[in-house]
Amino acid sequence: AQYTESSFWQTDVDAGSLPPIAERLPYVPLVVDLEAKGRVTGRQGGTLRTLVTRSKDVRQMVVYGYARLVGYDETYEIRPDILAALDIEDNRKFTLRLRPGHRWSDGHPFTSEDFRYWWEDVANNPDLSPSGPLEFLRVDDELPTVTFPDENTVIYEWSGPNPEFVQQLAEARPPFIYRPAHFLKRFHAKYADEDSLRAELRAKRVRSWAALHNKSDNMYKFDNADLPTLQPWMLATKDAKSRYLFVKNPFYHRVDTKGTQLPYLDIIEMNVVSSGLVAAKANAGEVDLQARGLDFKDIAVLKKGEAMGGYHTELWKNGTASQIAIYLNLNYNDDGWRNLMRDVRFRRALSLSIDRKIINKALYFGLAHEGNMTVLPQSPFHKPENLTAWAEFDPEKANALLDEIGLTERNREGQRLLPDGRPLWLVVETAGERQEVENALQIVVDNWRDIGVKMIMRPLERDILRNRVYSGQTQSAVWFGWDNGLPQPSTPPMFAVPQQQEFFAWPKWGQYYQTHGEAGEAPDMPEAIRLMELAAAWKQSTSEAKRGDIWQEIVDIHADQVFAIGLLSGARQPVVVNNDLINVPQKAIWAWSPGAHFGVHRPDEFWFDR
Amino acid sequence: MSTLPDGRYVDDRPYERDLGEEARNADLDVSNTRLVWRRFREHKLGLVSALFLLFSYLMLPFAGFISPYTANERAPDHLYGAPQGIHLFHEGSLIGPYVYPITAEVNLETFSWEYIRDYDNPAKLEFFCEASYYKLAGFIKTNRHLFCAPEGATVFLLGADRLGRDVFSRILYGAQLSLTVGLVGITVSFFIGIILGSIAGYFGGFLDWIINRVIEILRSLPELPLWLALSAAVPSHWSPVAVFFIISIILGILDWPGLARAVRSKFLSLREEEFVRAAEMMGAKPSRVIGKHLLPNFLSHLIASATLSIPAMILGETALSFLGLGLRAPAVSWGVMLNDAQNLASIEIYPWTAIPMLPIVIIVLAFNFFGDGLRDALDPNRS
Amino acid sequence: MAMLRFAVFRLFTMLATLVVVSVLIFIIINLPPGDYLSNQINELRATGQSSGVAKAEFLRQEYALDRPLWEQYLIWMGFAPGPHGFSGLLQGEFGWSFEFDRPVAELVGGALWLTVLVNLAAILFVYMVALPLGVIAAARAKTWIDYTSAFVGYLGLATPNFLLALILFYYGNRYLNLPIGGLMDPKFEGEPMSFEKMKSVLVHLIIPTFVIGTSGAAAMMQRLRANLLDELGKPYVETARAKGMSESRMLVKYPLRVAFNPFVADIGTLLPAMVSGSVLVSVVLGLQTIGPVLLTALKSQDLFLSAFVLMFVALLTLIGTLISDLLLALLDPRIRFGGRSS
Amino acid sequence: MKVEGLTIGFGNAAPVVEDVGFSVEPGETLALVGESGSGKTLSCRAALRILPEVAQVHSGSVVFDGSNGPVDLMGLSERAMCDIRGNRISMIFQEPMRSLSPLHRIGNQVIEVLRLHGTAKGQGAYKRVIETFERVGFADPERIYQSYPFELSGGMRQRAMIAMAVVGKPDLLIADEPTTALDVTTQAQVLGLIKEIQQDNGMAMILVTHDLGVVANLADTVTVMNRGRVMEAGPAPLVLGDPQHGYTKDLFAAAPKIPDSGEEVSREDKPDYILEMRNVSKTYTLKGKAAWHPKIHVQAVRGIEFGVERGRTLAVVGESGSGKTTCARMALGAERADPGAEILFRAKPDADTVNLQDLDTSARLAFQRQAQMVFQDPYSTLNPRMRVKDALCEPMDIHKLGTRPERVDRAAEMLRWVGLSPNMLTRYPHAFSGGQRQRLSIARALMLGPTFLVCDEPTSALDVSVQEQVLQLLEEIRDRLNLSYMFISHDLAVVARIADEVAVMREGLVVEQGPTEVLFHNPQHPYTKALLAAQPEPDINRPINLKIVAQGAGSPSTWPEAYRFDGTSVPPLTEMGLGHKVRCYA
Ligand SMILES: Nc1ncnc2c1ncn2[C@@H]1O[C@H](COP(=O)(O)OP(=O)(O)OP(=O)(O)O)[C@@H](O)[C@H]1O
Ligand SMILES: Nc1ncnc2c1ncn2[C@@H]1O[C@H](COP(=O)(O)OP(=O)(O)OP(=O)(O)O)[C@@H](O)[C@H]1O
Ligand SMILES: [Mg+2]
Ligand SMILES: [Mg+2]
């Protein structure tokens, strides 16, 4: 094939400090057929400006860059990306085939040695990983056998199936199971010579070689400009505080059909601003591509500034299963309350009495989908009836349900009383970061008052909220629904079953599973137990169809049991796009998992038509 | 008058030989308060401010009556409703106070609400009418309002907010909290600050040393993490007002060192004044010296400081809500309202949501001029 | 001599106080449940990013976060050996920021001068505006100038800082082409100081200075005015007039000095305010000062970072009070700090 | 300067100064005398346009004929006024303590006059200030230059004020009771200085004073005021020699004189002291120039030994700055004496003595009930924010005596006693004239009905007729209630009249002490002699004998051998006669 040299690197190539394009690409680069995707083949060049709100968000470039061993495509199928191929046998044996001639961004070859280094010298080094290799590599506490038959092949093998393995590799924040060995070895006690290591320690002001290694080795944090990378853009500024420049990786492995190496954009300029000012800056036309830090409520202002700012505002859909979900803590420390909250009729009644239509109108101009938490329509498991189950506004039915439970006593203010005589005051704790949650809860307060339930809203700091939930001190909490609203049959269902404390309805059950029974409580509700069984079955199963069935049942159980009272889903995420920026999809999903926000839409294919 | 031949001048009015009788008459029995009041009355701006404040406070129990809506009453069809003027004349004829009904529509081009006024159907306001229930003065449940929206229309004098709540009514309800609870903090802080500052300043020496260390430590203590810790510790079922109350007290408790240092340093210098010595030599106890001699000489500063803390206290919650500790719904205060307005859309598209700034400024100015009038009345040099 | 002795004595008490404060600070930042690393691990798990957990656990051991609190304190202060020997504040080791994954010293150092710059500008603004205005308001009490300055001052005071900033940014950008947020044009970051950079910094400082300054200015002005009005009636003012001093000169030399007493007492807060004064404002205005660093550190319980910044602020507070005490004695010769005589 | 038809009022009340006119020619001295509270100070201030804000000038003109021709000061711009004040016309204020800024060093405040008007700069200005300080009788001008007002004695402050006024060599000096706090020798020196300047520069002076002796010695013309009006005006010899107006006559008649001779009073063997001071010293540490400079110590009082007998009056006279006030304050426990001192107080003849140096709270309270003080500087001892009514009632309040109406009644009564109207109860202290404030101070001291009263120059600001009344009052209650006084004064005539025993102080030491008659008619010590000689008499034909004054008032090292102080070695107090002690080598 004939590759064209990028003008950006031309001078370096001419000067001889960089090999010409043909030598930089893998022997078999990943060729992207843009036209086939309905996109336009572009030209190289340009600087894209975007904003983040914290300086540690430079890591977004790993997310947006989305060069993974395997990754999702726009239909949310997993495809090899960095890997030339991935062979899977029974979900047990995974053969990773690298692209021959693939190089790190510093030009050093990317080979199985990099995988070996990570597995043997990082993951299994007690200094660097005190608790051993990552959880997802364990199947029933068994570690894989990892072999490196040749330069371009790596094999992970377990005796049982590990269905999570591939999914994890395609995550927004993937476990990087490879490291630039040539670069890191000089920080590793095993390889480096002691004197130079000591000198290095002093220079970097850290106390142990392990700390030094850890610091240098942040593939995800992306804050070390020296660390070679495989991402489309690499960090080019050192010691920056508020302005980070990323330049294109000259050894990136993707090219378009015309032989132009991706990414098209030469430079990404990322500025750190306070979160309150993102909208103002976007409005003033100071960004080329921006979604982070923009909220639905900013849309009016953004729209207003379009003409002057030279941008347009796309409205993507949010990929979480529910924009706002209320979790009643089934592990709440108070017996009386816990029993009540475990009564599905109570949860249904609360859900039924919420006027979602009004909330939708007030918050999202009626553009979101009203309904309980369930998977999004893009998922194969979506059923419209699951969305509306126990979600239509029906206070009478709700009242009837509550009466049926036996909460018939009321105090003078019309609030129902618990069997033990306490008034039904439901404290809902929130992370206090989102105004829309507060506004929505305002309406819920009124709705619930009509069925004799007094709701008290309590904003907390995010970490504090989490800690309170995990320890069972929180009665109920508001959070997003499942992060992943688009499960496929192969998506591990851990987040939907009582195996994770992060699902605020069952923190203790989750802990129990996560700590292997050391903390928390075993699930003791039939539905929860059923979910556990389903998860186990999913893990054992290898057939796509079987897994699909299992998933469907999980989704249905959730819809029926209302473990999380979802209010709305599919809310719009404003995306500000410069008018000259080509290939940014108009309709898309804004999701962290799966999708890595912009990542699955492949920003390396965006270009400026100027 | 006469000039003697030797160039002398001699007064020729009759001369009586009594000593020092003054011609001026003053009524002796007037109490100090009365005198201060008499002088205060002369400060017109101060007087007006005082009356305004008095009116504002007297109005608080009747906020529900004056406002056409209750604080959290939503008009779901009038989200971000624009302010409605009250008109008297329709097509040239007087038909009494009326409004034009408004319908709000979403404009999906601009993603904002648009208001269509129906100029053909003026809706007359109703007076002493029945609308939603509220508690007059906190305990009498009633549904009488001074005025309410006509059937089928709304009356948003200052517009409505994101959830369709009447800004005007909320300002009135918000005053109930903003004008009262915040002052508790000031009181606490002044109380502690003045007492400890006086003790340190007047006695000096060891007491001063101790109090100063306490001040230093308190001042060095970071407030931010304290708030963070506190927000986790407050029992969940407490009502927002109770939380706010506690917080303003804590704010007060943390706030006193500044004042205490000011009082202390001033007293360190004032206590060397001769009149203080004189009082001591008469046998005056420290409490008396402080209360009667030192404090009055520092009153101007105290009055100014108090006035200045008022906006800080009213707005303190807005800062705290960054930390998840602010006053929150369903409680209404001006700070809460402003907090809702802290975004670009409120400034650019729905500016009326930021209106609560005005009452704050007005109240604070009123306090300022009131304080100034008071200062003036107490100033001996102006008699 | 006595003054010198007093200063030395104060210095010693200051150090003792500092130790007490350090204990309290350590306790307070540990008050909220959890610690940085367990929160971090929770967060990673909650967002399905289990891959970062190993590193967090490594740090926990490295920085002795698995030990009891008092031990952590001693290690942090450098009173007791940590996993890698003595390395605490006393040894000049300021610790590690987990959140930013950098040594605290490095992190704070950079932000510090910007912080000082912003707050210095604000303080200068306050003094340059409030001092003359306060004096004028007192000298011309109850005139339009008095009322106007009070009104403007209170307007600034009564507007929440963030709202004010947003309004100023929005309209400033639209009509005056002022920049939104930040302390300099990003392209100058890391560049050596130059005229252009200076200009950029100055332009960026306008709105923050104004926002931070307004409330301070109003406070100073009104209090100064009140104090001055008190002093103006004193006979020594008349003496000065009788000397033929012009009103303004007289005001500045005599009553102002007396009226300044309460402000000198407050100098103690000036220094720490230079560092932490405008935390929330900086956060909302997106200034790269120490304020946002502190707030994130606190929110994420980034122990060493927040502890160090707080300790630093505490130290400045203590130095500030020390200076203010010394200045007080210089300002007013009658002041003795001793006990009451007789 | 010519003042005409000046009428000043406060608010709507009747004017306090009515149609006053006077004039003074260059090189001349106009003496303004009259009743305390008659508007002298106000008239002077009006001339400089520095009246209190509440005072209104209803009418009148002030024409000043300086070096630039006549100008009407009333119509002048504020700017131009600034040029005139301090430069052309300067003023010495009546109450020096309050009139000096408490926070600035004396030198700074004085040199400013020169700097402001560009009269002199830098070193030259400093020299001139130091020189002026020397001429107003400061022994150690450099120290004064560095001192703060509160570190100086009343007389020293007054001299500082004088220095401030004359250092600029103005065309007109308005001196409002410039020498009330000065002992007669210093007074003579200061008056001499003023005369000198007058001769050199042709300076005119308006001298407000109550001391007719001074008037006689200094004035060319005299204007007598009473109740806001001019009673009589004319050349000094005429007015003094042959007063026409009734008030003037009364006034001159009231002037006290040192009696020519007196009869010896027999003395009891063992004096019954109500207060006895033994070996009392007081050392002050001055705020030095800067923190690192060594501190200056001032021995204000050195080894005082005397007592006040019950029912009698001990007068303390002496040079300004000699430690009288310090002594008085220590006698009341307001100041701690240096260690080793004993200050013994015995409330009743048969009661135990208490040492004031170590009292507990209740004993102190009991003592304070018995002993009161009339302060030298009444203005600063009155809380500016307290009405007179409250200030007067305060002592009773503190000691919980009587009910509120009773207290007010007594306060009104007291005011009447000292010749003030009870109407004034509702006023604030600043709304009084200097003399009125002094009387307030006396009234306050009497409120409790004390048994021991320390009066620190209680009548210095009073015109002679009021002074007469007050002295009568003091004598009367002394005799009636067996009160004991410690009486500090510079006016020897007053002392001669009221005292039973006199102590003469110089440089912290008692130089001579004895019964009044003995001391006044048989003074031994050169300083005492100088004092007596320097006492001005209201008789134009008896000028002060400056030679004796100079000899006695000079530095102690110039005294005759027997009396000479030499550094720290000081002659002992030697008993010369019955109770008559003189500090000399026998
Ligand atoms: N601020 C004021 N308000 C009301 N009355 C005042 C005020 N100041 C002075 N007076 C009154 O004005 C009168 C004249 O006062 P002025 O000070 O001129 O007296 P004076 O002649 O100087 O007396 P003295 O010899 O006692 O100093 C007094 O009766 C005094 O009470
Ligand atoms: N607080 C003080 N600090 C330092 N020195 C002082 C202080 N008070 C008085 N002195 C000094 O003590 C000496 C005696 O002062 P004192 O006031 O007793 O004099 P006095 O005899 O009352 O003089 P006068 O007649 O002028 O009032 C003076 O030299 C004075 O400067
Ligand atoms: Mg006078
Ligand atoms: Mg004295």
Side-chain angles (χ1 to χ4, degrees), chain C residues 1-11 138-142 227 229-261 264 323 325-342, chain D residues 45 48-53 78-79 81-105 108-110 112-113 116-117 147-151 161 164-165 168 174 285 287-288 290-295 329 333-336 364 379 384-385 430:
Chain C
M1 276 322 243
M3 192 80 173
L4 230 67
R5 243 205 337 270
F6 172 69
V8 171
F9 169 73
R10 279 289 275 111
L11 210 68
R140 304 254 177 284
K142 293 194 222 162
N227 275 300
L229 279 180
D230 270 9
E231 291 302 319
L232 280 181
K234 300 267 169 80
Y236 69 83
V237 174
E238 270 164 17
T239 312
R241 283 207 186 106
K243 280 185 208 167
M245 279 181 113
S246 66
E247 198 72 359
S248 55
R249 231 177 126 168
M250 183 272 294
L251 273 171
V252 170
K253 179 160 181 189
Y254 292 103
L256 192 62
R257 180 149 170 202
V258 182
F260 230 67
N261 175 310
V264 169
I323 293 179
D325 269 359
L326 296 181
L327 274 185
L328 261 187
L330 287 183
L331 177 85
D332 192 334
R334 289 172 299 178
I335 288 185
R336 298 164 301 118
F337 293 100
R340 214 153 48 87
S341 60
S342 85
Chain D
R45 288 175 157 226
L48 264 186
R49 295 224 330 244
I50 42 174
L51 284 173
E53 245 170 86
E78 194 51 38
R79 231 240 176 80
M81 232 14 237
C82 281
D83 258 357
I84 290 189
R85 292 188 198 129
N87 195 19
R88 310 252 87 109
I89 310 179
S90 62
M91 178 152 181
I92 301 170
F93 285 89
Q94 193 171 2
E95 272 127 324
M97 178 59 187
R98 297 239 94 194
S99 302
L100 288 169
S101 160
L103 304 188
H104 296 82
R105 292 177 198 272
N108 179 345
Q109 297 187 47
V110 175
E112 189 177 51
V113 179
L116 272 176
H117 300 289
S147 298
Y148 291 99
F150 71 95
E151 292 172 332
M161 273 306 285
M164 192 191 289
I174 303 178
T285 315
K287 299 230 169 207
W292 48 90
H293 278 258
K295 290 275 121 139
R329 296 175 75 102
E335 203 94 50
R336 270 194 93 78
R364 174 170 299 261
Y379 201 171
R385 292 211 166 230
H430 73 93

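Most heavy-atom pairs under 4.5 Å with chain D: of the set C/A240, C/G244, C/G233, C/S246, this distinction falls to C/G244. Between chain C and the residues D/P52, D/G168, D/S99, the most heavy-atom pairs under 4.5 angstrom are made by D/S99. Options D/M81, D/M164, D/R329 differ in how many heavy-atom pairs under 4.5 Å they form with chain C, and the most are formed by D/M164.
For the pair D/M161/C/T239, a side-chain contact is recorded, criterion being any heavy-atom separation below 4.5 Å from C-beta on. Counting heavy atoms from C-beta outward, D/P102 and C/Y236 have side chains that approach closer than 4.5 Å. Annotation: side chain of C/K253 is in contact with side chain of D/E112 (closest heavy-atom distance under 4.5 Å). Put simply, the side chain of C/E238 does not reach to within 4.5 Å of the side chain of D/L48, judged on heavy atoms.
Only the side chain of D/R385 comes within contact range of chain C, judged by heavy atoms closer than 4.5 Å.
Side chain of C/R257 to main chain of D/L103: a donor-acceptor pair is present (N/O by atom type, distance under 3.5 Å, no hydrogens or angles). Of the possible polar contacts, one joining the C/K243 side chain to the D/Q109 backbone as a donor-acceptor pair under 3.5 Å is found.
Atom CG of D/L116 sits about 4.5 Å away from atom CZ of C/R249, to the nearest 0.5 Å. The structure places SG of D/C82 at 8.5 Å from CE of C/M250, a figure rounded to the nearest 0.5 Å.
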